[in-house]
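Chain letters run A, B, ... following the sequence lines, proteins first, then strands; residues in each count from 1. It should be emphasised that the depicted structure is a prediction, and the values quoted were computed from it without experimental measurement. Computed from heavy atoms alone, side chains included, the values below leave out hydrogens, waters and symmetry copies.
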2 protein chains.
Amino acid sequence: MTTRRRPGLGTNQELARRHNLGTVLRHVHGAGQISRAELTGLMGLNRSTIAALVNELEALGITERVLPVEGTPRQGAGRPSAGVRIAEQGPFVIAVDLGVDRAVVARIGLGGRVLQRAQAPVRSDGEAWQVGAAVAGLIRCVVEEVPDAAQLVGIGVSVPGLVRNSDGLIRLAPNLEWHDVSFGGIVLAALGLDVPVSIANDADLGALAEHVRGVAVGVDDLIYVSGNVGVGAGVITGGVRLEGAGGYAGEVGHLRFNPAGRECHCGNRGCWETEVGAHAIAEAIHCPTDKVAQLDEVLDGFGEPSPALRATGTALGHGLASIVNVFNPRQVVLGGYFRSLYALVGPEVEAGLANRALPAPLESVTLTLPGLGSDSSLLGAAEIALEPLFVDPVAALGTALVGVGTRLAG
Amino acid sequence: MTTRRRPGLGTNQELARRHNLGTVLRHVHGAGQISRAELTGLMGLNRSTIAALVNELEALGITERVLPVEGTPRQGAGRPSAGVRIAEQGPFVIAVDLGVDRAVVARIGLGGRVLQRAQAPVRSDGEAWQVGAAVAGLIRCVVEEVPDAAQLVGIGVSVPGLVRNSDGLIRLAPNLEWHDVSFGGIVLAALGLDVPVSIANDADLGALAEHVRGVAVGVDDLIYVSGNVGVGAGVITGGVRLEGAGGYAGEVGHLRFNPAGRECHCGNRGCWETEVGAHAIAEAIHCPTDKVAQLDEVLDGFGEPSPALRATGTALGHGLASIVNVFNPRQVVLGGYFRSLYALVGPEVEAGLANRALPAPLESVTLTLPGLGSDSSLLGAAEIALEPLFVDPVAALGTALVGVGTRLAG
DNA sequence: GTCCTCCGTCCTCTCGCACAACAAATTCTG
DNA sequence: CAGAATTTGTTGTGCGAGAGGACGGAGGAC
């Protein structure tokens, strides 16, 4: 992903340098390992400039040099290029994925490698501070083996709900029954730390992760539609996250679908969510209410799809058609329990989409499953926490925390 | 508006310079006239740097110096700052607004001033080459008084239809009954010229114009919903046009609205357009079919709204709710005949929106009328034609044409 | 009328990137 | 197998762009 600068500003020399340094790091982060020669080609800068930038990253302890021999097998003539990769004790973030029934916490290094992970069930009627304490405990678990030199850049949190982008306040998380919760503050207080916390919607983060390291690498216009009790979407357009004025963009679950339909918890009637939401599907397949949170597993254990389930697939396709018409994505990624649903009634979904979408946007769109499985949102949470590093590596390391392992152990 | 660079690239010194020069010009263009001191503050660059940039623009003949006396009345102490404004014989573009029943062509200077304009009726069953010839004739009209030194930067065209952004091909214009028309080539051939032609959807351009010089100046997340026989929307998010993979984003007219509703020309049933499109409204107010293209005027002559019209207003509000949920804009601008409709049944529209939108996105959104009246799309066409000038003024002037007046007169 | 504030201009300095030359490492070719 | 060809890393130099300070000018505040 790319970030956008505030428009109208001039480009300073210092700014250009920061941008170049961050962009080099972004490439290393995205590719895992990359040669200087490739960086030269990708960024359009001179060899010597790339060398200077890489050297600076090395001096900062972020990356390390790889001998040419270790790299990929040679192609073509010429001296092999030295590789750049994330340092062994490089910076890391903590990613938190708050699900409807469990919380997953992982320590994720720059470069996207999951270094440690832990998870625990979360009661859906839990108070925010209880969940925060549980998450803090999981965080303590995953920082046990942190090397002394490694720095914590920040914490990223994925939440199934509406998150205000200006301050990360969770305005509404229906499944957790939260209203206006400042979850970042709660977790930091429980940890006794002060690091940057970034919070965003789970579908938005799913889209981000699939764009950076999933099935949509190189695709600049994609939508991640997530079935997660509620239905939401994360949108990336032109390679940038679509946030909207407050950060609430992508609430496709409450698109009007059938005004004669069922009542929705939002107060309206016939929202798309009332047809393809978890409760609707559970009803269609006679799944007990207490297993709605594990709907994906229930669906995975399904054999031949029932007519009701086929109808749900068609409804999913019809709703996707509206989304495709409105956003004109190149790729639609079906996350959450839509993965399992698509495996069962894929043809119905495709047909529903093809029947209702306009020809022009339809011809360039493809429907796919996530490349990161159920970790999309978790990895997306890591991405937003890492983001400051790509905007200004030096500044981000300045606010980063060293020795987190010992600090949290005490 | 701002443009986005291809991500992943490095920032060159030359690139930074071009960007700064273009940004200065963008500010002058946006403000009409601006002082060097203001530029210094806005762009965050040094006085001497701004001076160098302004001098370069003057040397290029794009801007001219304004004595401090002529400027705005002084505020505060200190030496007054010299102003910068677009030169009298500065660059200009030709903007074309293809409507459903008429074509408007204007010569528009950098800075957004309409210098000359002309219009002619267009038969809705006209072949593309006929319309192209008519437009070429109008263009000849508006370049009659062009000063010799002034340069034509390009031609911008607003089309009520789906336009492919990669090459400007008009994929589909329902009201003109066009399929896959290369209108840019047709007009250039009729003129015997070779200048850059930019083509885009009318609602997209309406949004752009309202963002740059209309009611949404300073608003970075807005939607321009245009009623223009068909219903479409232009979206600006984060200050950037939302285009989608092919450029077709914003087709809100075919959002599913009422699956039990009327058949739509797109082949589906109950699209939003079948409830708030021109034909639906015409039917509701018993307006004859041949006056549908002038629906805005018909509505303007209306007194007390009928119940059917009130219901249409509610349907408009309900559809806007879906749009607000999905895009989370700060402002929704109602263009085309929705202007007239809103004047009649504004309360119904507002109520429909408030009843169906989610609280979070609803609280920050406002419904407004266009600040540019019916010229939104025309001025937006001028903006996309001017865009290259803000990306790289020197290069854009390099491809610009001098002496267009005499060349087209002969 | 004097002081203060702010602005434009000029000059110098610094910094970042490009470029060229050379050395090194590898493949290709005869 | 040896030399040519190719590509890359390294180093030093040059250029260009923005920053910063000194100076003078233009107006407001007292």
Take atom NE2 of B:His19 and atom P of D:dA17, then tell me their distance rounded to the nearest Å.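 Going from B:His19 (NE2) to D:dA17 (P), I get 15 Å.
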Between D:dG9 (C1') and A:Leu67 (CG): distance, integer Å: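 Between C1' of D:dG9 and CG of A:Leu67: 13 Å.
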base_contact_polar (D:dT7 base, A:Arg79 side chain, donor-acceptor, <3.5 Å):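 In this structure, the two groups form no donor-acceptor pair.
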Determine, for nucleotides 13-22 of chain C in 5'-to-3' order, which nucleotides have protein heavy atoms under 4.0 Å from the base (write B), from only the sugar-phosphate (write S), or from neither (write -). --BBSBB-B-
Can you check whether A:Arg36 has a side-chain N or O nearer than 4.0 Å to OP1 or OP2 of D:dT10?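 Yes, within the criterion.
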Whether B:Ser81 contacts C:dG8 is assessed here as follows: a side-chain N or O lying under 4.0 Å from the phosphate OP1 or OP2. Is that the case?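 Yes, within the criterion.
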Evaluate the side-chain proximity of [Y] to [X]: yes if any heavy-atom separation is below 4.5 Å, no if none is.
X: A:Ser198; Y: A:Ile155; answer: no
X: A:His29; Y: A:Glu383; answer: yes
X: B:Leu372; Y: B:Glu210; answer: yes

So, using side-chain contact (heavy atoms from CB on, under 4.5 Å) as the criterion, who are the partners of [X] when residues are at least two apart?
X: A:Ala16; value: A:Thr11, B:Thr11
X: A:Val394; value: A:Leu21, A:Glu56, A:Leu60, A:Asp392
X: B:Val402; value: B:Gln151

Looking at residues 55-63 of chain B, who's got a heavy atom less than 4.0 Å off DNA chain C?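 Contacts with DNA chain C under 4.0 Å: none.
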Regarding A:Glu387 and A:Arg26, does a basic nitrogen lie under 4.0 Å from an acidic carboxylate oxygen?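 Between A:Arg26 and A:Glu387 there is a salt bridge, with a charged N closer than 4.0 Å to a carboxylate O.
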Side-chain donor-acceptor pairs under 3.5 Å in residues 40-47 of chain A, sequence neighbours left out?
from: A:Thr40; atom 1: OG1; to: A:Arg36; atom 2: O; distance (Å): 2.8
from: A:Asn46; atom 1: OD1; to: A:Ser48; atom 2: N; distance (Å): 2.9
from: A:Asn46; atom 1: OD1; to: A:Ser48; atom 2: OG; distance (Å): 2.9

